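Since the structure comes first, as structure tokens, the remarks are kept for the end.
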Amino acid sequence: MFNIALYEPKIPQNTGNIIRLIANNGCHLHLIEPLGFNLEEKSLRRSGLDYMDLENITQHANYACFLEAMQGHRILAITTKGTASYSDMGYQKGDVLLFGSETAGLPVDVQQEIPAEHQLRIPMQPNNRSMNLSNTVAIVSYEAWKQYSFIGGQ
């Protein structure tokens, strides 16, 4: 229903948690290289447990290849620099929820390509830098799915 894209993720445990998440919420995961790990790492497999269904995961050699594959889809960047709250967005089937890496977030040039109204943030207490990537993906993806009455879930 929705696409989750991770821009150059670095920590295998976060990606493993997200793999487990997509198995449960029906999203498709896009991994934009370079990755900080390979998909065979023990820590990734342990986090993803037996949910490692590669049919729901697509790897892209770089951001340009990802953009080409996602033509026709609306891309929503989830960033601490976003101006709109993730909970105020009206999500559409096929939307791409784009998340930056754990260490650097989304690069400025990537953010500048996305309209300001499609740059979303999760409210946080002041003076905090960011949230854990897998938690952020869970919060936003479940809000999007909630807007569709958790279709397909039970």
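What you are looking at is a predicted structure, and each value in this text was computed from that prediction instead of being measured.
Evaluation of the ring pair (Phe, Tyr, Trp, His ring centres under 6.0 Å) rule for H60 yields H30, F66 as partners, not counting sequence neighbours. In terms of the side chain to side chain donor-acceptor pair (under 3.5 Å) criterion, residue partners of E102 (sequence neighbours excluded) are, by chain and number, N14. Under the rule for a side chain to side chain donor-acceptor pair (under 3.5 Å), N135 has no partner lying at least two apart in sequence or in another chain. In this structure, the side chain to side chain donor-acceptor pair (under 3.5 Å) partners of S134, at least two apart in sequence or on a different chain, are N132. Residues meeting the ring pair (Phe, Tyr, Trp, His ring centres under 6.0 Å) test with Y91, sequence neighbours left out: none. With sequence neighbours excluded, the residues forming a side chain to side chain donor-acceptor pair (under 3.5 Å) with S87 are S85, listed by chain and number. Among residues two or more places apart in sequence or in another chain, the salt bridge (charged side-chain N to carboxylate O under 4.0 Å, His left out) test is passed with K81 by none.
With a 4.5 Å cut-off on side-chain heavy atoms, F99 and P9 do not count as touching. In this structure, the side chains of Y86 and I78 stay at 4.5 Å or more apart for every pair of heavy atoms.
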Counting only pairs under 3.5 Å, give me each side-chain donor-acceptor contact of residues 105-117, with atom names and distances, residues two or more places apart or in other chains.
residue	atom	partner	partner atom	Å
Q111	NE2	L106	O	3.0

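Annotation: salt bridge (Lys or Arg N to Asp or Glu O under 4.0 Å) contacts involving residues 126-138, sequence neighbours excluded, are absent. Contacts classified as side chain to side chain donor-acceptor pair (under 3.5 Å) and involving residues 64-80 (residues at least two apart or in different chains) are given here: R74-D95. Residue pairs that meet the salt bridge (Lys or Arg N to Asp or Glu O under 4.0 Å) test with at least one member in residues 24-37, sequence neighbours left out, do not exist here. Counting only residues at least two apart or in different chains, salt bridge (Lys or Arg N to Asp or Glu O under 4.0 Å) contacts with residues 140-150 comprise E143-K146.
The two residues Y7 and L98 make their nearest non-hydrogen contact at CB-CD1, 4.3 Å.
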